[in-house]
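Data first, discussion second: the structure below is written as structure tokens.
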Amino acid sequence: MNLFNIFIRIFIFPGFLFMLILALFLHWLDRKLIARFQGRVGPPWYQPLADLVKLFAKEDILPSGTNQYFAAILPLISFASVLTASFYLPIAIQSAPSFQGDFIVLMFLLSMPSLMYFLAGWVTQGVYSIIGGNRSLLQYFSYEVLFLLAMSGTAIASGSWALTDIRLTQIKESPFIFPQIIGFFLSLAGLIGKLKREPFDIPKAKSEVIAGALTEFSGKKLALWYLTIQLQTVVGLSFLIHCFFSGLWQMNTIIGFFIFLLFLIILQCALSAISAIYARLRIDQLIHLNWHIFIPLTLLHNIYILLK
Amino acid sequence: MNTEKAAIELRDVLNLDKSTTKQIPFNEVEISIPKQQLLLAVNTILKSGIWHLSAITCQQLEDDFILLYHFWKSGGLTLQIRLDEKKPQVDSICPLIPGAEYYEREAREMFGIEFLGLPNPVPLLLPDDWQGGYPMRKKEQPSYDKTEGDDLLEKGKSS
Amino acid sequence: MSKITVPIGPQHPLLKEPLSFLVSLEGEKVTDSVLRLGYVHRGIEKLAEQRTYIQNIYLIERICGICSHIHSTTYCQSVEALLKLKVPKRGLYIRMLLCELERIHSHLLWLGVLAKNIGLNTLFMYAWRDREIVLNIMEEISGGRVSHSVNVIGGVQVNLNESHLSLLQQNLQKLNTRVKEILRSIENDRSFQARTQKIGHLSLEDIKRYCVVGPVARASGLDIDIRRDAPYAAYDELNFEVPVMTEGDVWARSILRVLETLQAIRLCVQIINNLPDGPVSIPAPRRVPAGEVVSRAEAPRGEVFYYVRSDGSQNPARLKVRTPTLTTLITLPGQLKNMQLADVSAIIAGVDLCIACGDR
Amino acid sequence: MKNLLLYIRSFFYFLPNILEALFSKPETIAYPAVTHKPPAGYRGSVRIIAENCIGCGLCVRDCPSAALKLEKDSKQSFRLIHYRDRCTSCGQCELSCKFNSIYLDNTYEEAFSKRKAFIEVLVNKTENK
């Protein structure tokens, strides 16, 4: 691919700009859906963009005594890692760079923001940030593991750690959503835990720890954090779609692209419905739910696939 | 009404004569007892099955303090105690009824009455560094900054 | 484990009103908590001694934003007892109607706050959407959504005509189905149960030691209700049940309050159906003869207590108010002992604090 | 395991509620654009019929928040001043007035930038002889 094509690939179409617009759109859809579920009018379409622009304009202060450079690097690292993760996902283009083991690289890049979230809490030394950081660490160890195990069900079935192989086996046989329906729901639960969305959003529970690790952040840094979380949702969902639904449409075609967007919107509606229905669980209930129910179920499910 | 029965029984225990009892509206029986017999009176009331203390009212009449202990069991029973103004002291009933702690702390900070044996004698409503005396006493006038139209309040009072 | 003191300070998303709570934690477990009141203390009892009996009606209503009508009802009925006035039956009925409407409004507001504190934002929105129905009724009848200023000494200053009654009839019907819907969704929502069951426990013995009143006491098995035990206004002519539960945790208090809302709606319907006609109030003299009176009423949060002493002039000599929130505040440090930090939000919402009431 | 089944059950239990809310009209209104029309009996701001007022001061005496002030020079010439920022719309002046000259209408949107603008002279009668 010549230089210009790479430039388009990275910055314009399936790259930076497109991902940003998709992230803002999905974030708006999420807030609008939850509002309508609750009988409210909901924000106008440009609300997420307006929030970011406002945050960029706001003053960027940190508590005295925090290490300025460390606090500045953390949002950058997490934002960069999520963006690089989006390059490996073949959203609508056939030739995404794929090599043996990029499944694990993608998993690692997606889990970086959660680690950075904990460090952000530790750096700013606020009362609420430390508690928020501790809680996000507890959640990091339980729900990242669940997400990895549940998604690796598809890798085991396709016998290789490369994303394109996963897609090829799905086209040959049938999309993994039908044989591995339980694996799909478990990985969805893992994704909700990773994104710290409603039922599992104890680290940033508004009523106890204000905004958790992000309590002391403001201005540009906070805007970057919010952008990271929104991007993480998009990348996580498209990763899920790629591993469970990718056999249903042909790549590199316009219709394929729109079907992919349709699935993205459907999954976002599912996430919004889940977050509208459940109350926030306590940290011990969260861990209990994960290690007593989700992980054993995933292991059984993976063993079943291995034997099949 | 068992508060009637409790009142009569209380009078016998403290051997007070009939004149100390008074009926006031919404079927409340008020008995004035001497200060020393407070704990004994509260004990007999608790033993006769009335445990609910509604409130402790403190007020200044002429120049000595009056403490009213309001009990309730589908009918009211009030104990009245008179304290002289120089050294208003009474023993606290918190050991018997822990629920009375807030009422005693409030009476202490608003009127300056010493409750002997109060668990934590910390002000309840007033700030810790309050030097404005005891606000609820008669001679204390509330001081607030005058805004236009304030003099009407005094006029409203006198007419 | 690290020992942190978390200030649930005067200004905190958990609290509707300023109240300082210093919770010291060991890891996630609460070891002990210090409670500090007085941020909203306005010295209403002192102010009341400088105003005439008529002006005091509107001052007393400002004690609490949510249960303003019950305060003015207790105050007016104690002054009427001093004046030995016979309030006409229709005035009493309208007074009771607004008391029950305010109970519905207060319980639905509380349910929304509890749901928001445990993260169930949808129930928060549904509870406050249904509360709008009651607020619109009260705005229609009394001209004010929250502080209605309906009571005068000697009766009520508002009268109900045909349009009010039909509006009440159909809105209460709609409200009844909505609240039943909420009750059904609370009982079946596993995540709501997970966050409210077996926390903030108060045994019956604690209730008696701390003289706790209201829904918090009834949820631990104590069967008291001023409306039934010592009926004031005209409550002896209405029949209603008093729900009592025994678990004594935040879950029991939630169910109990929603059941009480249903009972309040039933009472409102009874009041409308047999509303007697006649005058709504009788004129009252400005000077009150010397005397003292003790009057109690059932506020949404429990027994509210008034002591009024008059010395024959136009101003009360002493006015003592004891609001139900003080009795539940005293039990809070006990309930919070070795609970999780996440439970603190459910417990604080569970006891339905009205701090403006507590501080006066 | 029972716990998980209960969670799934409460999901499908609550789903019809939120779907019904999704497809019905939202309850909230965009306030500045769409205003809420208060009912007729709503107690808004104090208005007066100047002819009926004879300057007796009954309303001034009963106002709980001292929002009314009567400056009386003589039987005929007096001014009734209303402090709008102190008024809590309780309606006691309307009750106390025996000549039904002071009343409350149902306007509730009232904002002024200067404190002086809150003070309004309701009645201004001078010696007309």
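Quick note on labels: first sequence line is chain A, next is B, and so on, each numbered from 1.
Interface remark: C/Asp189 contributes side-chain atoms only to the contact with chain A (heavy atom separation under 4.5 Å). Neither the backbone nor the side chain of C/Ile348 has a heavy atom closer than 4.5 Å to any heavy atom of chain A. C/Ile4 touches chain A through its side chain: at least one heavy atom from C-beta onward sits under 4.5 Å away, while N, CA, C and O do not. For a residue to count as touching a neighbouring chain, one of its non-hydrogen atoms must lie under 4.5 Å from one of that chain's; by this rule A/Ala205 does not touch chain C. With a 4.5 angstrom heavy-atom cutoff, C/Ser185 does not touch chain A via any of its atoms. Neither the backbone nor the side chain of C/Leu15 comes within less than 4.5 Å of any heavy atom in chain A.
Rounding to the nearest 0.5 Å gives a distance of 8.5 Å between CG of C/Asn121 and CD1 of A/Ile34.
For A/Arg282, the side chain to side chain donor-acceptor pair (under 3.5 Å) partners two or more places apart in sequence, or in a different chain, are A/Asp284, C/Asp343.
Judged by distance alone, with hydrogens and angles left aside, the side-chain atoms of C/Arg195 form a donor-acceptor pair with the main-chain N or O of A/Arg280 at under 3.5 Å. The closest donor-acceptor contact from the side chain of C/Ser191 to the backbone of A/Tyr278 lies at 3.5 Å or more, if one exists at all.
Shortest non-hydrogen contact noted between A/Ala279 and C/Ile118 is CB-O, 3.6 Å. Of all heavy-atom pairs spanning C/Gln340 and A/Ile283, the tightest one is OE1-CG2, 4.0 Å. Closest of all the heavy-atom pairs between C/Thr122 and A/Gln38 is N-NE2, 3.5 Å. Summarising the geometry of C/Tyr126 relative to A/Phe37, their closest heavy-atom pair is OH-O, 2.8 Å, with the distance given to 0.1 Å.
Atom CD of C/Gln11 sits in a sparse spot, with 12 or fewer heavy atoms from other residues, nucleotides or ligands closer than 6.0 Å. Within 6.0 Å of CD on C/Glu187 lie more than 12 heavy atoms contributed by other residues, nucleotides or ligands. Heavy atoms of other residues, nucleotides or ligands lying less than 6.0 angstrom from CZ of A/Phe185 number 12 at most. Counted within 6.0 Å of CD1 on A/Ile182, heavy atoms from surrounding residues, nucleotides or ligands total 12 or fewer; the atom is thus considered open. More than 12 heavy-atom neighbours from other residues, nucleotides or ligands sit within 6.0 angstrom of CZ on A/Phe56. Around CH2 of A/Trp45, the count of heavy atoms belonging to other residues, nucleotides or ligands within 6.0 Å does not exceed 12.
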